[in-house]
Amino acid sequence: SVEGTAPAVTDVAARGSTRSQTSALRTKALKVMLGDARVHLVMQREWENAKNARLRSDNVITVGAIFFGHGFAAYVMDEVGTAVDTDTVQQRQALFASLYALHICGVIHGDARVQNAISLQVGIVWIDFASTFISEEVSALIGNDFRECFKSVFDDEPKSEQIEAYMNYVGKKMSFEEAWQLLCVE
């Protein structure tokens with residue numbers, strides 16, 4: 001426990017004990033949060049949000065078991081990826097396409113920054129679901145997700161036309177290519 005500080009979050013890599021069909025060890029990730037009973041509730045909610053979001057979209061990390069102990073809570077994530085690199089147009093497109101895949105399934109991430117997405121062999125998936133909201137309706141919250149993602153990639157606020165283009169794309173009023181022309185920042 002870290003005395004005198006707010007609960008700390010630490011992501012650590014751990015070797016999984018399960019073997020795949022090829023008998024190779026699978027690497028897993030473990031998210032650990034230190035703190036009191038309040039931390040248990042926060043982690044329980046985040047874990048449940050991730051499980052529910054994964055039922056709707058493949059662009060969500062797969063979570064495994066959750067653990068609670070004295071002064072900590074933790075859960076297992078089935079894949080370990082790398083940070084999303086947004087240096088190229090293709091990588092930025094893949095990130096926004098992954099966010100779109102969440103939104104059309106009714107998953108509003110709530111903290112859709114590039115730091116909460118990881119790159120796996122299968123593509124980009126989202127992690128950290130503490131602020132997630134699931135809804136069947138397209139809402140203004142999707143615009144907030146887009147705004148946070150945009151700011152984290154381009155270090156700037158999106159213009160209202162860019163938010164509108166993304167919302168039109170999610171609402172299926174324009175194609176990805178049309179939307180990308182308005183979203184694109186080089």
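Below, each value reflects all heavy atoms present in this structure, side chains not excepted, and no hydrogens, waters or symmetry copies.
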Ion pair R92/D87, N-O distance below 4.0 Å: no
Mind checking whether L34 and F67 sit in one hydrophobic cluster, side chains of I, L, V, M, F, W, Y counted as touching below 4.5 Å? yes
Does G64 offer a backbone N or O that forms a donor-acceptor pair with the side chain of W47 under 3.5 Å? yes
I'd like to know if K159 and E164 make a salt bridge, using a cut-off of under 4.0 Å between side-chain N and carboxylate O. no
How long is the gap from CG on D111 to CD on E148, to the nearest 0.5 Å? 6.5 Å
Between E48 and R45, is there a side-chain N and carboxylate O pair less than 4.0 Å apart? no
Strictly distance-based, threshold 3.5 Å: is any side-chain N or O of S152 a donor or acceptor partner for the main-chain N or O of V114? yes
Do you see a donor-acceptor pair shorter than 3.5 Å between the side chains of N116 and H109? no
Stepwise side-chain contact (heavy atoms from CB on, under 4.5 Å) test for S119 and D85: CA-CA 8 Å; S119 184; D85 182 5; over 6 Å; no
Would you say R113 and K151 make side-chain contact, with heavy atoms under 4.5 Å? no
Taking the side chain as every heavy atom from C-beta outward, state whether F72 and M33 have any atom pair closer than 4.5 Å. no
To the nearest 0.5 Å, atom CD1 of I134 lies from atom CG of L102 at 10.0 Å
Is the F68 ring parallel, tilted or perpendicular to the H40 ring (thresholds 30°, 60°)? tilted
D78 with K28: basic N within carboxylate O range, under 4.0 Å: yes
Could you check whether any side-chain N or O of R54 sits under 3.5 Å from a backbone N or O of V60, counting only pairs where one atom can act as donor and the other as acceptor? yes
Would you call R147 and D145 a salt bridge, using N to O less than 4.0 angstrom? no
Side-chain touch W126/L99, heavy atoms, less than 4.5 angstrom: yes
When hydrophobic residues are tied together by side-chain contacts of less than 4.5 Å, even through go-betweens, does L120 share a cluster with M77? yes
In the structure I gave you, are the side-chain heavy atoms of I118 and V125 within less than 4.5 Å of one another anywhere? yes
Determine whether the aromatic ring centres of residues Y169 and Y100 are separated by less than 6.0 angstrom. yes
At what distance, to the nearest 0.5 angstrom, does CD1 of I163 lie from CG of N168? 12.0 Å
Is there a donor-acceptor pair under 3.5 Å between the side chain of R56 and the backbone N or O of C105? yes
For S98 and N59, which I'm curious about, is there any donor-acceptor pair between the side chains at under 3.5 Å? yes
Quick check on the hydrophobic clustering: are L95 and V89 connected, directly or via other members, by side-chain heavy-atom contacts under 4.5 Å? yes
Given the rule that I, L, V, M, F, W and Y join up when any side-chain heavy atoms are under 4.5 Å apart, are V122 and V63 in one cluster? yes
Check whether the ring centres of Y166 and F150 lie less than 6.0 Å apart, and answer yes or no. no
Side-chain heavy atoms of L141 within contact of F133, under 4.5 Å: yes
One should read off an interatomic distance between E46 CD and T132 OG1, to the nearest 0.5 angstrom, of 8.0 Å
Spacing of Q121 atom CD and T82 atom OG1 [to the nearest 0.5 Å]: 10.0 Å
Can you tell me how far CG of D128 sits from CG of N49, rounded to the nearest 0.5 angstrom? 10.5 Å
